[in-house]
2 protein chains.
Amino acid sequence: MTQLEAAKKGRITPEMEIAAKHEGLAAEEIRKKIAEGVAVIPKNINHDFKNIMAIGKGLKTKINANIGTSGDCPSIEREERKLEVALKYGTDSVMDLSTGGDLNEARLGILEKSTVMVGAVPLYAVAAKMADEDIPTHRMDGEELLKSIDEQCRQGIDYITVHCGVTKESVKRMDASDRVCGIVSRGGSILADWIRKNGKENPLYEYFDELLEIAYKYDVTLSLGDGFRPGSIADATDRPQIDELIILGELSKRAYEKNVQIIIEGPGHVPLDQIETNMKLQKSLCNDAPFYILGPLPTDIAPGYDHITSAVGGAIAASAGADFLCYVTPAEHLCLPDEDDVREGVIASKIAAHIADISKGVKGALQRDIKMSEYRKNLDWEGMFKTSVDPEKARSRFRQNMDINSCTMCGKLCAVKIDQK
Amino acid sequence: MTQLEAAKKGRITPEMEIAAKHEGLAAEEIRKKIAEGVAVIPKNINHDFKNIMAIGKGLKTKINANIGTSGDCPSIEREERKLEVALKYGTDSVMDLSTGGDLNEARLGILEKSTVMVGAVPLYAVAAKMADEDIPTHRMDGEELLKSIDEQCRQGIDYITVHCGVTKESVKRMDASDRVCGIVSRGGSILADWIRKNGKENPLYEYFDELLEIAYKYDVTLSLGDGFRPGSIADATDRPQIDELIILGELSKRAYEKNVQIIIEGPGHVPLDQIETNMKLQKSLCNDAPFYILGPLPTDIAPGYDHITSAVGGAIAASAGADFLCYVTPAEHLCLPDEDDVREGVIASKIAAHIADISKGVKGALQRDIKMSEYRKNLDWEGMFKTSVDPEKARSRFRQNMDINSCTMCGKLCAVKIDQK
């Protein structure tokens with residue numbers, strides 16, 4: 001029985017209890033949210049991990065860190081080190097996006113070592129194998145894709161991105177559009193190319209019922225991917241993007257009816273003044289299903305600093321209703337992230353999520369800031385370090401100076417000291 | 001004649017012409033904004049510098065970098081290196097906040113070497129001298145303070161922060177409040193302490209007409225400081241803060257009538273959902289005078305990463321009407337910034353300002369993003385680097401890999417390549 005099925009029947013599962021504890025809420029509140037489809041607990045029946053969490057309305061904003069090998073960087077060890085860093089800095093989820101080297105080994109390693117939910121994009125495994133063998137991805141076999149999805153779900157992946165909204169019709173609309181950047185989603189580009197060259201329907205759309213059966217079997221949460229997310233702020237909130245969102249909304253209803261948990265993925269590159277609109281549209285079109293966003297990036301011009309750009313967009317988006325933020329690292333648009341990038345990406349996302357949680361009035365969020373401010377008022381430096389997002393860094397920057405009771409900025413002219421007199 | 005006086009009389013000054021060019025606007029448009037008091041050109045008649053700019057409504061959001069020695073770090077050379085870094089990464093203004101070592105030499109050096117407007121907080125020079133001599137700052141002499149302000153303005157400072165809104169009445173209101181963090185502005189804390197201990201009115205308020213005369217003489221722009229800015233998000237938008245803003249609004253009207261250019265300073269630590277309200281309040285209470293903000297920081301818990309927190313707050317604030325962003329560096333709340341901090345702070349602020357300019361529809365802003373997206377679509381890496389906020393960094397991260405036509409993230413599975421086929 002899936003979490004959704006149990007919730008609908010009024011049953012509180014052990015997973016709901018754990019998730020509720022993390023939120024400081026009653027388990028019944030979590031059950032109710034899941035039963036309504038406004039929250040999910042991504043937890044495969046074949047995957048054991050410690051920090052089981054719910055994602056959705058009124059809950060703490062969660063963050064995800066993407067890791068995984070690439071063709072140019074196939075080292076699994078490197079990715080496992082990145083996993084450790086992501087966990088150390090408090091990620092709530094990781095996605096294995098491996099496309100290079102031994103994908104099976106990478107997946108099993110991450111599933112074993114992760115203490116948080118693990119997501120994946122099963123299409124990548126199929127496409128990467130074909131790329132390795134120099135077979136064009138438009139030769140992909142639909143049945144084989146579904147078989148690979150089943151296999152990856154059986155191994156324990158907690159949630160999977162499936163680009164079901166890329167359809168014959170929606171690709172036509174995309175191709176008729178005057179986008180600057182076209183399709184920038186890897187899954188979206190592969191499936192659109194497949195549809196165009198084969199003249200057939202996207203198997204993930206055509207066989208959506210079979211997909212639901214697989215997801216139901218392992219209680220895998222479906223994350224309906226946005227294959228047409230804008231890759232340029234000039235392309236944001238355009239007809240192809242919103243058309244796809246409508247389709248995802250329809251599919252989310254079908255999933256809910258079949259007791260399969262779902263979340264919806266969202267943009268992308270979006271100018272600041274369109275972010276709130278995008279959040280409200282998703283909630284309205286997708287029956288308030290949890291919204292999982294990449295960014296959004298409110299400018300295109302900051303490669304090397306896109307964790308900052310993304311923190312801006314993510315904080316605004318989450319305060320307007322997004323439930324789950326996929327991190328963006330300083331390496332975005334340039335190269336595969338390294339360990340430092342992962343740390344910077346996780347911390348920037350955690351800051352954005354926390355800013356939003358204060359703004360949304362999520363339980364307990366503001367209290368941490370008040371505690372920090374009280375330590376500041378009392379010039380209790382150790383208290384400040386402990387309460388901060390990265391105690392090590394705060395401590396080491398401060399320790400550069402001598403006087404324990406003031407920082408090198410103000411010295412004798414410290415406002416807090418003067419005001420205390 | 002000040003820029004404001006000239007503008008009111010319908011005269012276009014050479015400074016307006018230079019400022020207009022930077023905006024891509026007609027000089028007459030700049031003149032009109034200055035005449036209405038919704039924009040200023042901070043430019044002391046005794047200071048020559050290259051990049052003269054206007055700050056205000058409908059113009060590009062400007063950013064400022066604070067530099068300056070402290071008692072613990074009195075090296076002028078270090079601050080001059082920080083000035084170079086700030087200019088290299090495109091700051092539109094610097095403030096000399098020196099409080100350690102030879103303040104006069106630091107100020108003259110920065111005035112000489114800066115190619116952008118230079119601001120200062122003249123009170124600091126007086127307070128630092130007293131701190132050096134172990135004289136409590138409440139013994140400060142009002143007349144001496146005004147004399148020092150005159151001297152610093154005569155030397156060429158383009159705009160000065162003066163905390164005129166800290167008054168006998170407003171300090172009473174502050175002291176009756178239940179703030180978590182009290183007063184966190186250095187100038188604010190010194191003046192409030194002075195008022196409490198001497199039982200007299202703040203000389204910057206009492207002798208505001210004399211201050212206007214000094215400012216008029218050199219065409220120094222007055223930046224009315226927010227001595228009661230919240231230092232904790234729990235303290236944001238409270239009665240002491242808004243009370244001070246009302247007083248600053250009254251003073252800004254008096255300055256405008258005396259042909260003295262003014263800008264208003266603003267918070268501080270403000271939760272995300274209160275940022276827009278703060279911007280609208282300032283515009284309403286201060287006759288649409290340009291708004292110069294520090295942050296705002298929408299969370300208190302990120303020391304070491306406050307440039308990111310500030311980028312979130314600054315982007316939202318500027319898109320809601322703030323005109324001038326004071327940078328916040330990763331060193332904020334911990335120590336005096338070093339050169340790396342200055343670079344990170346300037347870049348984060350530039351990103352925030354640009355995000356806001358796109359959102360506000362400032363002339364030319366979106367075009368840069370479209371250019372970047374076109375380079376991305378064409379996989380023109382050199383074009384991308386040149387268009388980015390930090391070409392060196394973007395280039396060096398990308399160059400870590402071999403293949404000139406793809407990044408190590410996607411390799412053969414590049415969405416842009418697949419979509420181009």
Side-chain angles (χ1 to χ4, degrees), chain A residues 70-73 99 127 131 180-186 189-190 193 232-234 271-273 298-304 308-309 311-312 315 319 334-336 348 351 354-355 358-359 368-370 372-373 377 387-390 393-394 397-398 400-401 407-409 411-413 415 418-419, chain B residues 70-73 99 127 131 180-186 189-190 193 232-234 271-273 298-304 308-309 311-312 315 319 334-336 348 351 354-355 358-359 368-370 372-373 377 387-390 393-394 397-398 400-401 407-409 411-413 415 418-419:
Chain A
S70 72
D72 291 320
C73 308
T99 56
V180 176
C181 263
I183 304 178
V184 299
S185 148
R186 237 190 304 191
S189 69
I190 291 170
D193 180 59
S232 160
I233 57 168
L272 187 143
D273 57 314
T299 177
D300 305 329
I301 65 161
I308 296 178
T309 313
V312 174
S319 77
L334 295 170
C335 56
L336 200 72
I351 291 173
H354 183 71
I355 288 172
I358 295 166
S359 176
R368 187 168 165 196
D369 292 66
I370 291 177
M372 172 64 98
S373 294
K377 182 69 189 164
T387 315
S388 70
V389 290
D390 184 355
K393 186 171 189 177
R397 286 309 303 270
F398 180 77
Q400 289 171 354
N401 70 71
C407 70
T408 49
M409 173 80 94
K412 285 184 189 172
L413 295 175
I418 293 170
D419 198 41
Chain B
S70 72
D72 291 321
C73 309
T99 56
V180 176
C181 262
I183 304 177
V184 298
S185 149
R186 236 190 303 189
S189 69
I190 291 171
D193 181 57
S232 160
I233 57 168
L272 188 142
D273 57 313
T299 177
D300 306 327
I301 65 162
I308 296 178
T309 313
V312 174
S319 79
L334 295 170
C335 56
L336 199 73
I351 291 172
H354 183 71
I355 288 172
I358 295 165
S359 177
R368 186 167 166 196
D369 292 66
I370 291 177
M372 172 65 98
S373 294
K377 183 70 189 165
T387 315
S388 70
V389 290
D390 185 355
K393 185 170 189 179
R397 286 309 302 271
F398 180 76
Q400 289 171 354
N401 70 71
C407 71
T408 50
M409 174 79 95
K412 284 183 190 173
L413 293 174
I418 293 169
D419 198 42

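Chain letters run A, B, ... following the sequence lines, proteins first and then strands; every chain starts at 1. Everything quoted here is computed from the prediction, not taken from an experiment.
Ranked by heavy-atom pairs under 4.5 Å with chain A, the first of B/A234, B/S70, B/G182, B/S189 is B/S189. Between chain B and the options A/L272, A/D273, A/D300, heavy-atom pairs under 4.5 Å are most frequent for A/D300. For the set A/C181, A/P271, A/A127, the entry with the most heavy-atom pairs within less than 4.5 Å of chain B is A/C181. Interface summary for chain B: among A/T99, A/I370, A/D390, A/T387, the most heavy-atom pairs under 4.5 angstrom belong to A/D390. The most heavy-atom pairs under 4.5 Å with chain B, out of A/L413, A/I233, A/I308, come from A/L413. Note on B/G304, B/A131, B/G71: by heavy-atom pairs under 4.5 Å with chain A, the leading option is B/A131. Among the candidates B/D193, B/V389, B/I355, the residue making the largest number of heavy-atom pairs closer than 4.5 Å to chain A is B/I355.
The two residues A/I351 and B/A302 have their closest heavy-atom pair at CD1-CB, 3.7 Å. In terms of heavy-atom proximity, A/P298 sits nearest to B/I358 at O-CD1, 3.8 Å. Between A/I301 and B/M372, the shortest heavy-atom contact is CA-CE, 3.9 Å. Nearest heavy atoms, B/A415 versus A/V184: CB-O, 3.4 Å. Closest of all the heavy-atom pairs between B/L334 and A/A394 is CD2-O, 3.7 Å.
Using a 4.5 Å cut-off between heavy atoms, A/S388 touches chain B through backbone and side chain atoms alike.
Using modelled atom types, no side-chain atom of A/D369 and backbone atom of B/T299 make a donor-acceptor pair closer than 3.5 Å.
Of the inter-residue distances, the one linking A/D419 atom CG with B/I190 atom CD1 reads 11.0 Å to the nearest 0.5 angstrom.
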